[in-house]
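Presented below is the structure to which this report refers.
This is a predicted model, so every value here is computed, not measured. Labels below follow one simple rule: chain letters A, B, ... track the order of the sequence lines, proteins then strands, and each chain is numbered from 1.
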2 protein chains.
Amino acid sequence: VQQPAPEPVDFAIAIHGGAGAIGPKPPGEEQAYRNSLEETLAYGRDLLDSGEKALDVVEKVIIRLEDDPLFNAGKGAVYNHDGNHELDASIMDGYDLSCGGVAGVKTVANPITLARMVMDLTPHVLLAGPGADAFAGEMGVDPVPQEYFHTERGHQRWQKHLKELEEERHGTVGAVVLDRYGNLAAGTSTGGLTGKRFGRVGDSPVIGAGTYADNGSCAVSCTGQGEEFIRLAIAYNVSNRMKLTGATLLQAADDAINRQLQPDTGGLIAVDAQGNLVVIFNTSGMYRGMADSNGLFEVGIYRE
Amino acid sequence: VQQPAPEPVDFAIAIHGGAGAIGPKPPGEEQAYRNSLEETLAYGRDLLDSGEKALDVVEKVIIRLEDDPLFNAGKGAVYNHDGNHELDASIMDGYDLSCGGVAGVKTVANPITLARMVMDLTPHVLLAGPGADAFAGEMGVDPVPQEYFHTERGHQRWQKHLKELEEERHGTVGAVVLDRYGNLAAGTSTGGLTGKRFGRVGDSPVIGAGTYADNGSCAVSCTGQGEEFIRLAIAYNVSNRMKLTGATLLQAADDAINRQLQPDTGGLIAVDAQGNLVVIFNTSGMYRGMADSNGLFEVGIYRE
């Protein structure tokens with residue numbers, strides 16, 4: 001779904017809470033997701049309206065989603081095969097392509113903030129495993145115990161996984177933003193797949209795979225089967241197609257999601273420098289929302 | 001340097017042992033590098049001549065380079081800031097885009113083989129940190145102690161790093177191959193940067209950044225300042241430019257190395273489906289070699 005933007009847009013934002021096989025939900029549960037998406041979207045929109053910068057809005061919005069146990073990021077992150085929680089995140093500034101990511105962190109409540117610290121405070125762009133947790137400690141980030149990430153639902157899904165009844169849970173979160181100053185930024189945060197192998201890194205912390213932002217093209221945050229998003233460098237793929245071929249954001253995103261990826265693989269949100277917003281997925285559902293300065297404000301879960 | 005291939009080429013291979021600020025060396029040391037490159041190149045060429053498949057040749061050639069203490073991969077991997085060795089590698093098959101990578105492994109003599117195991121034996125494409133070492137154990141890979149990776153030169157460079165006299169050592173290794181059956185494959189392996197932060201992941205294990213292979217375009221292995229190669233998804237960048245714009249391999253590689261990256265950042269080797277070989281770098285030197293079925297066989301270190 002692309003929103004035409006006939007009037008100039010001062011700012012725009014899209015958020016997601018993961019794509020996947022999202023079946024019909026009890027009304028109360030569906031409403032909880034809609035409420036969360038609406039509240040977070042309004043929060044991000046208002047930050048942009050008040051003049052906050054794209055990168056700060058991406059971080060703040062994702063912190064909210066990480067803190068919400070409904071989603072598979074931060075609080076509520078899935079259990080890996082060994083019964084632990086390992087979190088991944090990345091963030092990128094389209095202004096100068098500065099970027100940072102963390103993979104497999106176990107002690108950090110808000111991995112998106114740690115990813116930003118990698119970006120701002122180190123010469124590196126990706127830290128993984130115990131070294132990433134150690135970096136958090138050096139930066140004075142208060143550690144949380146593994147129990148912080150526990151949710152009853154996450155635990156039940158892990159138990160099902162151990163009985164081979166369920167292999168994965170989507171629910172990665174992400175945000176893409178155009179701010180009042182014409183800058184783009186993107187971020188993504190996840191607990192990965194339920195039952196994933198200890199040490200497995202998906203696309204979310206990998207710049208070019210799960211996250212990309214370039215003021216010369218667009219900002220992208222992906223969700224789905226991370227291995228496929230790495231294999232095809234999907235986030236960079238969309239940006240690069242716009243730059244090399246003159247494709248619109250919708251054309252580039254459609255090509256990536258509907259022509260390059262297999263069906264039922266996932267989806268992405270994206271925004272370009274003109275404020276065009278795209279939400280696209282090849283799964284049965286995707287938790288998402290988008291808003292802009294012209295009054296667009298909508299959230300969704302299923303295909304429409 | 002691109003070799004025109006007026007006659008059809010049955011197979012082709014390029015290898016590298018890293019790009020960087022390579023100053024004049026004592027004659028004995030320079031000869032040691034040339035001998036190693038020539039022997040490994042001849043080994044790979046002969047494997048291809050005898051009909052071995054691209055992916056197998058990439059793995060076998062990189063094992064040789066990993067086992068050679070001259071290079072910063074496997075035996076001879078650099079010391080990180082904490083005085084340990086953490087190794088990264090990835091491999092990709094251009095036939096079906098299957099791929100695997102490992103980051104931050106500490107107990108594996110040949111990370112390229114572990115990367116291939118991730119590709120062949122797991123649903124994942126990237127394992128990092130202790131989980132990657134645990135996977136090696138499950139696969140029956142004999143662990144090596146950290147002392148295995150020690151070299152006197154590596155230790156000295158670490159000591160210099162601690163005195164802030166030297167920040168990094170290049171010497172990543174890689175191989176790209178076209179086999180007799182028209183398939184492309186690429187692989188990369190490294191110890192990373194001397195003095196890197198514990199947990200730092202560079203481009204070498206990241207598909208799309210340090211390594212890419214697609215029979216529809218080319219196979220690429222990169223070396224240099226990994227953060228910049230991730231930021232611009234350089235390996236995928238080259239492949240994608242060929243596919244989207246019809247650029248030749250040389251044009252696409254030149255754009256990536258000489259227009260997108262800053263000077264003194266690194267280089268890459270690549271081969272396309274017609275057997276055109278490219279070695280390109282924007283540093284003062286790059287250890288490299290290339291050979292094909294038409295008798296091309298050359299190695300080099302400095303700019304020519």
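- For the pair B:Arg200 and B:Glu227, the salt-bridge criterion is met [side-chain N within less than 4.0 Å of a carboxylate O].
- Residue with the most contacts toward chain B among A:Thr245, A:Leu127, A:Asp133: A:Leu127 (heavy-atom pairs, distance under 4.5 Å).
- Top candidate by heavy-atom pairs under 4.5 Å with chain B, chosen from A:Gly104, A:Gly129, A:Ala132, A:Pro130, is A:Pro130.
- With hydrogens and angles disregarded, no donor-acceptor distance shorter than 3.5 Å links the side chain of B:Asp88 to the backbone of B:Ser204.
- For a residue to count as touching a neighbouring chain, one of its non-hydrogen atoms must lie under 4.5 Å from one of that chain's; by this rule B:Asn237 touches chain A with backbone and side chain alike.
- Between chain B and the options A:Ala233, A:Gly208, A:Gly101, heavy-atom pairs under 4.5 Å are most frequent for A:Ala233.
- Chain A forms the most heavy-atom pairs under 4.5 Å with one residue out of B:Met92, B:Arg197, B:Glu86, and that residue is B:Arg197.
- One finds the CG atom of A:Asp272 at 12.0 Å from the CG atom of A:Asp214 (value rounded to the nearest 0.5 Å).
- Using a 30° and 60° split on the angle between ring planes, B:Phe149 and B:His85 fall in the tilted class, from 30° to 60°.
- Looking at A:Thr122, only its side chain comes within 4.5 Å of chain B, counting heavy atoms on both sides.
- Both the backbone and the side chain of A:Phe135 come within less than 4.5 Å of a heavy atom of chain B.
- Of the listed residues (B:Gly202, B:Ala103, B:Pro123), the one with the most heavy-atom contacts under 4.5 Å to chain A is B:Pro123.
- For B:His150, the NE2 atom sits in a packed shell: over 12 heavy atoms of surrounding residues, nucleotides or ligands are nearer than 6.0 Å.
- Contacts of A:Asn80 with chain B are absent, with no heavy-atom separation under 4.5 Å from either backbone or side chain.
- Both the backbone and the side chain of B:Ala128 have a heavy atom closer than 4.5 Å to some heavy atom of chain A.
- Atom CG of residue A:Leu126 and atom CD1 of residue A:Ile207 lie 8.5 Å apart, to the nearest 0.5 angstrom.
- One finds the CG atom of A:Asn72 at 9.0 Å from the OG atom of A:Ser189 (value rounded to the nearest 0.5 Å).
- Among A:Val102, A:Val118, A:Leu232, the residue with the largest count of heavy-atom pairs under 4.5 Å with chain B is A:Leu232.
- A donor-acceptor contact under 3.5 angstrom links the side chains of B:Ser221 and B:Thr188, judged on distance only.
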